[in-house]
Trainee: 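My structure is below; once you've seen it, I'll send some questions.
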2 protein chains.
Amino acid sequence: MKSNLVPTVDLSAQIAANIRDAIVSGALIVDERLPSEAELAQKFEVSRATVREALKRLAAQSLIRTQRGATGGAFVNRISFEAAQAQQITTSTLLLSMNDVSFETACEARYALERACAPLSAQRRKPSHIDVMRAEIARQGQQGLSDEAFCASDVAFHRALVDGACNPVLSYQLAGAVEAMQPLMNMITFSARSRDAIIALHVTITDAVQAQDAALIGSGLTALEAETQTLARRVFA
Amino acid sequence: MKSNLVPTVDLSAQIAANIRDAIVSGALIVDERLPSEAELAQKFEVSRATVREALKRLAAQSLIRTQRGATGGAFVNRISFEAAQAQQITTSTLLLSMNDVSFETACEARYALERACAPLSAQRRKPSHIDVMRAEIARQGQQGLSDEAFCASDVAFHRALVDGACNPVLSYQLAGAVEAMQPLMNMITFSARSRDAIIALHVTITDAVQAQDAALIGSGLTALEAETQTLARRVFA
DNA sequence: GAAAAACTAATGTCAGACATTTAAAGTTTT
DNA sequence: AAAACTTTAAATGTCTGACATTAGTTTTTC
């Protein structure tokens with residue numbers, strides 16, 4: 001009788017899960033070399049092709065990397081913040097676009113999270129963060145800037161604000177929320193007047209960051225959220 | 001001449017990237033069927049094995065699912081919040097454990113994000129959320145509860161608090177931050193006295209949620225963060 | 001002793017076969 | 001005509017064995 005609890009999942013998925021568990025549990029440590037594909041095939045009693053499919057699954061999650069050549073093989077990968085962020089952004093973006101998440105809900109979440117950074121950014125921001133913010137504000141005021149470029153600059157502005165908290169975990173977590181909004185934001189047409197309103201709030205926020213006034217950053221973000229929501233309501237109506 | 005900009009990346013990775021772009025850009029829509037493996041092999045002029053490795057990569061990211069049988073094939077997957085969360089938790093957990101992120105940094109990020117939920121949770125929490133929180137508090141007070149079970153209950157408590165905001169995007173984003181902390185938290189030994197202190201704060205927070213007092217939730221979380229940081233400092237010293 | 005060549009062990013790719021699953025079409029029975 | 005069974009076809013899942021490519025290591029040559 002075939003097990004009726006485990007509905008015969010693919011061998012390559014089983015093997016991938018097995019190795020993944022070993023990595024997550026710490027049984028395999030960073031930069032440790034896995035057995036060669038041939039050895040894994042022997043160990044799991046499957047063909048090399050099946051082992052390879054399993055390894056490709058793990059590679060897609062950045063859990064391992066592979067090297068060719070005599071001393072090559074599959075190695076446990078140290079997940080970098082960059083790689084993790086890139087994955088998270090892809091996932092978050094698709095999640096929003098595929099699940100009919102309303103602009104309102106996504107926007108609310110984004111600004112709630114961003115306000116969470118305000119006290120820390122106020123406390124720890126460095127001159128470089130303020131420089132980036134002011135540079136992006138300048139770009140946003142340029143004539144003939146496309147809506148998409150405006151959005152991209154908006155994202156850069158907000159990331160600088162978040163980075164001001166000087167907490168890489170916070171930056172990583174926020175990246176998904178901020179970047180994933182971009183496709184939704186790109187649906188909005190920004191009139192000259194609404195751009196001016198947004199830029200004015202950006203200036204307010206930047207000044208508040210420079211003055212290390214957390215409360216003022218917070219209220220600026222809240223005003224920005226309200227402005228964005230109003231704009232979106234107009235577009236989606 | 002071999003391209004000297006793209007250092008000959010694997011064919012299966014190239015094909016995966018190609019299909020991934022089609023999904024992310026919306027050229028392939030949810031539940032659409034991809035060509036069969038044989039057709040893809042023809043189209044990309046590679047063997048079926050290589051196509052399969054590419055498809056497994058996409059499957060590992062929950063971008064596609066496959067079905068066997070006559071009408072089977074690979075279908076664009078609608079990423080669910082659950083699947084996205086599970087992935088994010090795995091990634092976040094490894095990120096923290098592999099990159100020597102200090103407990104302090106992770107803890108700070110977590111509580112900053114959690115405080116971001118306080119105003120929304122105060123406003124929208126349902127009786128069911130409060131029920132969960134009180135149930136977890138009761139569990140945390142049980143005699144003979146292991147440290148790990150205490151931590152697990154702590155996570156459940158905090159997730160209920162976050163879910164109280166009734167914003168699925170927020171819940172999703174927070175899941176990574178809260179769950180990824182668990183291995184770090186598990187390194188802490190919770191004495192009876194420190195458990196009592198934590199439970200008392202949980203009660204304060206729950207009462208504040210019930211009373212819809214956002215400020216009080218926030219200060220409760222801040223106190224809890226301070227308590228946790230103190231405990232951790234003692235352990236890691 | 002340094003450069004060049006040969007060796008070696010690993011991953012990457014291919015071709016073809018067979019196994020298994022599943023839905024649909026066809027056939028028989030009632 | 002409806003129901004039950006059988007067959008078929010198309011797809012993924014797995015296996016085998018081969019060859020290509022890569023990159024250290026060792027050996028040879030000058």
Side-chain angles (χ1 to χ4, degrees), chain A residues 1-20 22-23 28 31-77, chain B residues 1-20 22-23 28 31-77:
Chain A
M1 187 187 81
K2 187 184 299 178
S3 165
N4 49 5
L5 285 179
V6 182
T8 337
V9 86
D10 293 354
L11 282 178
S12 70
Q14 285 179 40
I15 293 168
N18 188 306
I19 299 175
R20 179 162 38 238
I23 295 175
L28 291 169
D31 291 335
E32 186 170 342
R33 211 200 101 168
L34 273 63
S36 72
E37 295 175 355
E39 289 168 328
L40 287 171
Q42 269 206 315
K43 174 178 167 189
F44 290 109
E45 298 182 301
V46 298
S47 72
R48 207 186 130 212
T50 302
V51 167
R52 281 182 62 80
E53 289 181 6
L55 293 179
K56 293 314 159 203
R57 291 178 191 263
L58 299 176
Q61 296 181 296
S62 307
L63 293 181
I64 63 169
R65 63 179 183 278
T66 53
Q67 265 185 334
R68 301 177 69 167
T71 59
F75 297 83
V76 177
N77 209 17
Chain B
M1 187 186 82
K2 188 182 298 177
S3 166
N4 49 4
L5 285 179
V6 182
T8 338
V9 84
D10 294 354
L11 284 177
S12 70
Q14 284 179 42
I15 293 167
N18 188 306
I19 299 175
R20 179 163 35 240
I23 295 175
L28 290 170
D31 290 334
E32 186 170 342
R33 210 200 99 167
L34 273 63
S36 73
E37 295 176 354
E39 288 168 328
L40 288 171
Q42 269 207 316
K43 175 177 166 188
F44 289 108
E45 297 182 303
V46 297
S47 71
R48 208 186 129 210
T50 302
V51 167
R52 280 182 62 79
E53 289 182 5
L55 294 179
K56 294 312 161 205
R57 293 177 122 106
L58 300 175
Q61 295 182 296
S62 306
L63 293 180
I64 62 169
R65 63 180 183 278
T66 52
Q67 268 184 333
R68 299 178 70 167
T71 59
F75 297 83
V76 177
N77 209 16

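Heavy atoms only: backbone and side chains are in, while hydrogens, waters and symmetry mates are out. Each chain gets a letter, A, B and so on, in the order the sequences are listed, and its residues count up from 1.
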Trainee: In whole angstrom, give the distance that lies between atom CZ of B/F75 and atom P of C/dT22.
Mentor: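 After rounding, the reported distance stands at 13 Å.
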
Trainee: If you take all heavy atoms of B/A38 and B/R48, which pair is closest and at what distance?
Mentor: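 Of all heavy-atom pairs spanning B/A38 and B/R48, the closest is N-CG, 4.4 Å.
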
Trainee: For A/E45 and D/dT16, what is the distance between atoms CD and C1' respectively, to the nearest whole Å?
Mentor: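 Atom-to-atom, A/E45 to D/dT16, this comes out as 17 Å.
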
Trainee: Under the salt bridge (charged side-chain N to carboxylate O under 4.0 Å, His left out) test, which residues partner B/R33, sequence neighbours left out?
Mentor: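 Salt bridge (charged side-chain N to carboxylate O under 4.0 Å, His left out) list for B/R33, sorted by chain: empty.
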
Trainee: Specify the separation, in whole Å, of atom CD of B/E37 and atom P of C/dT21.
Mentor: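 So the two atoms are 16 Å apart, to the nearest Å.
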
Trainee: Counting side-chain heavy atoms from CB outward, which of C/dT13, D/dT16, C/dA9 is closest to A/A70?
Mentor: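 Nearest listed nucleotide: C/dA9.
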
Trainee: Whole-Å distance between D/dT14 C1' and A/F44 CZ?
Mentor: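 Taking atom C1' of D/dT14 as the reference, CZ of A/F44 is at 16 Å.
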
Trainee: Taking atom C1' of D/dT12 as reference, at what distance in whole Å does atom CG of A/L11 sit?
Mentor: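 In whole Å, D/dT12 C1' and A/L11 CG are 13 Å from each other.
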
Trainee: Between C/dA19 atom P and A/D10 atom CG, what is the distance in whole Å?
Mentor: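 Atom CG in A/D10 sits about 19 Å away from atom P in C/dA19.
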
Trainee: At a heavy-atom distance below 4.0 Å, what parts of residues 52-68 of chain B sit against DNA chain D?
Mentor: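 Result for residues 52-68 of chain B: B/R52, B/K56, B/T66, B/Q67, B/R68, sorted by number.
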
Trainee: Going by modelled atom types, is there a donor-acceptor pair between the base of C/dG12 and the side chain of A/R48 at under 3.5 Å?
Mentor: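 Flag set: donor-acceptor pair detected.
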
Trainee: At their closest point, which heavy atom of B/A54 faces which heavy atom of B/S12, and how far apart are they?
Mentor: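 Closest approach of B/A54 to B/S12, heavy atoms only: CB-O, 3.3 Å.
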
Trainee: Within the structure, does a side-chain N or O atom of B/T71 lie under 4.0 Å from either OP1 or OP2 of C/dA23?
Mentor: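 So the side chain of B/T71 is outside the cut-off, no N or O lying under 4.0 Å from OP1 or OP2 of C/dA23.
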
Trainee: For residues A/N18 and A/F44, determine if any side-chain heavy atom of one lies less than 4.5 Å from a side-chain heavy atom of the other.
Mentor: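 Contact flag for A/N18/A/F44 side chains = yes.
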
Trainee: Considering all heavy atoms of both residues, which atom of B/Q61 and which atom of A/A60 are nearest to each other, and what is their separation?
Mentor: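 Shortest heavy-atom contact: NE2-O, 3.7 Å.
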
Trainee: Compile the donor-acceptor pairs under 3.5 Å between side chains in residues 70-77 of chain A and protein atoms, sequence neighbours left out, one pair per line.
Mentor:
from  : atom 1 : to    : atom 2 : distance (Å)
A/N77 : OD1    : A/R65 : NH1    : 3.1
A/N77 : ND2    : A/S62 : O      : 3.4

